[in-house]
Amino acid sequence: MVDIDLDALEPTDFIQEAVLEDLKNGRFNYVRTRLPPEPNGYLHIGHVKAFLIDYNTAKLFGGELYLRFDDTNPAREETEYVDAIKEDIQWLGIEWAKETYASDYFELLYEWAIRLIKIGLAYVDDQSPEEVSRNRGTLTEPGIESPFRNRSVEENLDLLERMKNGAFPEGSRVLRAKIDMSHPNMVMRDPTMYRIMHTSHHRTGSKWCIYPMYDWSHGQNDSMEGITHSLCSLEYEIHRPLYEWFLEHLGEFKSRQIEFSRLNMTYTMMSKRKLRKLIEEGIVKDWDDPRLTTLRGLRRRGYTPEAILDFNKRTGVSKVNIVNSGVMVDYALLEACIRDDLNKRALRKMAVLKPLKLVIDNYPEDQVEEMEAINNPEDESAGTRKVPFSKVLYIEQDDFLEDPPKKFYRLFPGNEVRLRYAYFITCTDVVKDEQGNIIEVHCTFDPETHGGNAPDGRRVKSTIHWVSAQHAVPAEVRLYDRLFTKEQPDDVENGEEYATYVNPASLEIIERAFAEPGLAGTQPGEKFQFERTGYFCVDPDSKENKLVFNRTVALRDSWAKFQEQQKN
RNA sequence: UGGGGCGUGGUGUAACGGUAACACACCGGCCUUUGGAGCCGUGGUUCUUGGUUCGAAUCCAGGCGCCCCAGCCA
């Protein structure tokens with residue numbers, strides 16, 4: 001029973017409004033939702049939307065959430081996935097009241113099937129899969145009734161039991177609901193309830209030789225568990241009449257199904273089948289490849305549960321149906337969410353991704369100063385730290401140009417910039433190798449500007465980051481970009497393959513970057529902002545003697561954007 | 001050409017018959033010891049046509065467009 005003040009509740013979407021209405025008008029007096037993953041692959045960001053709708057709806061009304069694995073197809077489901085899915089859901093912070101399996105109800109479901117046979121509403125069909133398909137009709141033409149449709153109850157009962165016990169080969173028979181072969185809704189044209197599979201199940205072993213179809217299992221499981229609100233995506237809307245038909249004739253408890261838009265995102269793929277293909281073809285390494293929008297990929301990439309929850313909140317809930325039964329959300333929104341979260345929380349560090357040697361000619365040879373740096377300008381309580389400074393430094397290659405274009409404010413011959421938290425420097429000279437590559441930049445510093453402030457009040461246009469060459473720790477840095485160059489990579493155009501749209505620059509490995517010494521010893525999962533370049537986290541590949549960082553997302557970069565504009 | 005859904009700036013969501021709002025993106029500007037962050041500003045005849053109404057994104061009717069369904073997948 002709900003013992004909360006319904007009038008005080010604030011529903012945040014149309015589903016919660018509908019549930020509130022059901023509670024107010026007495027259709028239900030409690031709320032129980034269910035979260036129904038199929039244990040046949042890893043979770044991706046699209047699943048999160050569905051999960052959070054179930055979780056948040058139950059939570060708002062003081063109800064409970066069941067985690068029910070839809071394990072009705074043993075040919076593709078494994079325990080390994082069950083564990084991984086639970087781990088991912090927990091990582092997000094979703095709690096469930098009870099863990100159940102569709103297979104928990106195989107026995108009861110079988111009894112219900114017998115009841116349907118007994119009232120003449122289900123029959124064993126001996127047609128081949130091809131015949132069943134051919135006789136289903138088309139979208140505009142009615143189907144043809146099976147010659148086995150009017151078998152006696154006794155024969156149906158006998159055949160089903162023998163099917164269950166393994167008397168017949170796979171594909172030889174199915175149990176079908178007897179509804180209407182000319183129904184305009186294809187789902188209602190005598191849908192299959194059980195098929196024969198001589199496959200061992202991850203939980204029931206070899207006990208069953210028949211397994212229920214999703215359409216026969218799901219709605220009945222909802223009923224058996226007393227699920228009040230069965231929340232699912234739009235493509236199940238046309239299945240709702242079938243679920244209601246079953247329960248109506250069985251005389252069992254009816255859940256209310258409410259459908260919502262699925263989440264699709266630009267520059268990525270959501271379907272498990274396609275994700276699996278990416279892995280099999282070696283385009284990405286595994287389910288946790290940081291370029292994937294799987295939960296494991298996002299986690300390894302450095303995304304936080306908070307950012308993903310925020311993303312979910314910002315994308316909302318609706319029934320808008322633009323593509324693939326749902327909406328198409330801009331990938332940039334996800335990036336905005338992680339930037340927002342990490343901006344507030346991540347400690348700042350300095351790291352030079354593409355090092356260029358900088359020598360301060362007038363700085364004493366052996367001197368080392370400890371410069372005070374702010375750990376997080378967004379959070380004063382994060383305090384400060386000391387960063388060693390000396391005569392020879394590394395700066396970013398991108399921060400120096402011998403012959404700069406207009407609007408380039410960084411270092412170039414004759415120009416003065418600030419080294420973050422250190423000094424003002426002026427570039428005096430450039431050293432090149434025989435091929436003409438710049439290998440060293442020389443400058444002088446102004447001792448009066450210690451800490452980065454000029455007592456005479458003069459200003460510089462730019463502040464650049466640095467690390468002291470003799471103190472820096474080397475690190476491998478993996479720069480990621482979107483996996484595809486096309487907004488909808490699965491919208492494959494004539495003759496092409498989605499592989500055509502794979503972004504060749506989706507992964508760039510920098511073998512030898514240099515980080516400030518404070519980064520030594522950091523542990524996998526730790527997150528930082530490398531000033532001026534982006535947010536990074538320590539990869540699980542990282543070892544005591546070899547740091548590995550993943551770039552979660554780059555900082556917004558108006559200079560890079562400006563350059564991009566100039567090109568176009 | 002059957003059935004079921006959905007149409008609000010580029011994208012996603014609000015507005016529950018009473019001045020179309022918010023976020024992201026984009027483009028300007030301010031500010032800045034991160035070209036980050038922050039702050040301010042410019043973008044829409046609410047798919048369309050007609051009707052009801054003092055008043056319509058909202059209610060009604062027609063049209064158009066898009067998505068889903070012909071697995072012994074879920």
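Just so we're on the same page: letters track the sequence lines, and every chain starts at 1.
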Using the [atom1] atom as the reference point in each nucleotide, state the distance between [N] and [M] in Å, no decimals.
N     : M     : atom1 : value
B:A37 : B:C24 : P     : 11 Å
B:G12 : B:U49 : P     : 23 Å
B:G38 : B:A57 : P     : 34 Å
B:U46 : B:C22 : C1'   : 16 Å
B:U1  : B:G44 : P     : 35 Å
B:G28 : B:G9  : P     : 24 Å
B:A15 : B:G63 : C1'   : 27 Å
B:A56 : B:C16 : C1'   : 13 Å

Presence of [X] side-chain N/O under 4.0 Å of [N] phosphate oxygens OP1/OP2:
X        : N     : value
A:Gln565 : B:C27 : yes
A:Arg556 : B:G35 : no
A:Arg136 : B:C72 : yes
A:Ser318 : B:U13 : yes
A:Thr463 : B:U32 : no

Q.
Using a 3.5 Å limit for the pairing distances, which stems of at least 3 consecutive Watson-Crick or G-U wobble pairs does RNA chain B take part in?
A. B:2-7 with B:64-69, B:10-13 with B:21-24, B:27-30 with B:38-41, B:47-51 with B:59-63
Side chain of [X], heavy atoms from C-beta onward: which of [options] has the nearest atom to it?
X        : options             : result
A:Asn343 : B:U34, B:G12, B:A37 : B:A37
A:Asp557 : B:G35, B:C68, B:G36 : B:G35
A:Val187 : B:G5, B:A25, B:C69  : B:C69
A:Asn73  : B:G35, B:C73, B:C68 : B:C73
A:Ser325 : B:C68, B:A70, B:U34 : B:C68
A:Ser133 : B:G71, B:U34, B:C73 : B:G71
A:Thr315 : B:G36, B:G2, B:G12  : B:G12
A:Ala336 : B:U34, B:G7, B:C24  : B:C24

Determine whether a donor-acceptor pair (one donor, one acceptor, N or O, separation below 3.5 Å) exists between the side chain of [X] and the base of [N].
X        : N     : value
A:Glu378 : B:G36 : yes
A:Arg410 : B:G35 : yes
A:Arg314 : B:U13 : no
A:Glu17  : B:C16 : yes

Q.
Which residues pass the salt bridge (charged side-chain N to carboxylate O under 4.0 Å, His left out) test with A:Asp490, not counting sequence neighbours?
A. A:Lys274
Could you give the [atom1]-to-[atom2] distance, from [X] to [N], as a whole number of Å?
X        : N     : atom1 : atom2 : result
A:Tyr421 : B:G36 : OH    : C1'   : 11 Å
A:Tyr81  : B:C73 : OH    : P     : 18 Å
A:Phe311 : B:A23 : CZ    : P     : 17 Å
A:Arg339 : B:G35 : CZ    : P     : 15 Å
A:Ile395 : B:U34 : CD1   : P     : 17 Å
A:Asn312 : B:U13 : CG    : P     : 12 Å
A:Glu335 : B:U11 : CD    : P     : 18 Å
A:Lys319 : B:G12 : NZ    : P     : 17 Å

Q | Partner set under side chain to side chain contact (heavy atoms under 4.5 Å, CB included) for A:Arg134, not counting sequence neighbours | A | A:Glu130, A:Glu131
Q: May I ask you to decide if A:His201's main-chain N or O and A:Arg203's side chain share a donor-acceptor pair within less than 3.5 Å?
A: no
Q.
Using modelled atom types and a 3.5 Å cut-off, is there a donor and acceptor pairing between side-chain atoms of A:Glu396 and backbone atoms of A:Leu353?
A. yes
**Q.** Close side-chain approach of A:Leu175 to A:Thr192, heavy-atom, < 4.5 Å
**A.** no
Q: Give every residue pair that meets the side chain to side chain donor-acceptor pair (under 3.5 Å) criterion with at least one member in residues 451-462 of chain A, sequence neighbours excluded.
A: A:Glu416-A:Arg458, A:Asp446-A:Arg458, A:Asp456-A:Arg458
(Q) Considering only residues two or more places apart or on different chains, which pairs with a residue in residues 163-175 of chain A satisfy side chain to side chain donor-acceptor pair (under 3.5 Å)? (A) A:Asp126-A:Arg173
**Q.** Closest-nucleotide 5' rank along RNA chain B - winner of A:Lys49 and A:His183
**A.** A:His183
Q. Want to settle it: does A:Thr533 or A:Lys561 sit nearer the 5' end of RNA chain B, counting the closest nucleotide to each?
A. A:Lys561
Please enumerate all protein N or O atoms sitting under 3.5 Å from an N or O of nucleotides 64-66 of chain B, with distances to 0.1 Å.
unit_1, atom_1, unit_2, atom_2, d
B:C66, O2', A:Ile322, O, 3.1

Just to verify, what does [X] make a side-chain hydrogen bond (donor to acceptor under 3.5 Å, both in side chains) with, not counting sequence neighbours?
X        : result
A:Arg345 : A:Glu306, A:Asp341
A:Thr463 : A:Arg418
A:Gln220 : none
A:Tyr243 : A:Asp215

Q: May I ask you to decide whether A:Arg314 forms a salt bridge with A:Asp310, counting only side-chain N to carboxylate O separations under 4.0 Å?
A: yes
Q | A:Phe484/A:Tyr267 aromatic ring centres below 6.0 Å | A | no
Q | Ring center gap for A:Phe246 and A:Trp216 short of 6.0 angstrom | A | yes
Q: For RNA chain B, find the residues of residues 192-201 of chain A with a heavy-atom distance under 4.0 Å and give them by number; none if there aren't any.
A: A:Thr192, A:Arg195
(Q) Is the base of B:G35 stacked against the aromatic ring of A:Tyr409, taking ring centres under 5.5 Å apart and planes under 30° as the test? (A) yes
Q. Going by the salt bridge (charged side-chain N to carboxylate O under 4.0 Å, His left out) test, which pairs reach into residues 35-53 of chain A, not counting sequence neighbours?
A. A:Glu38-A:Arg76
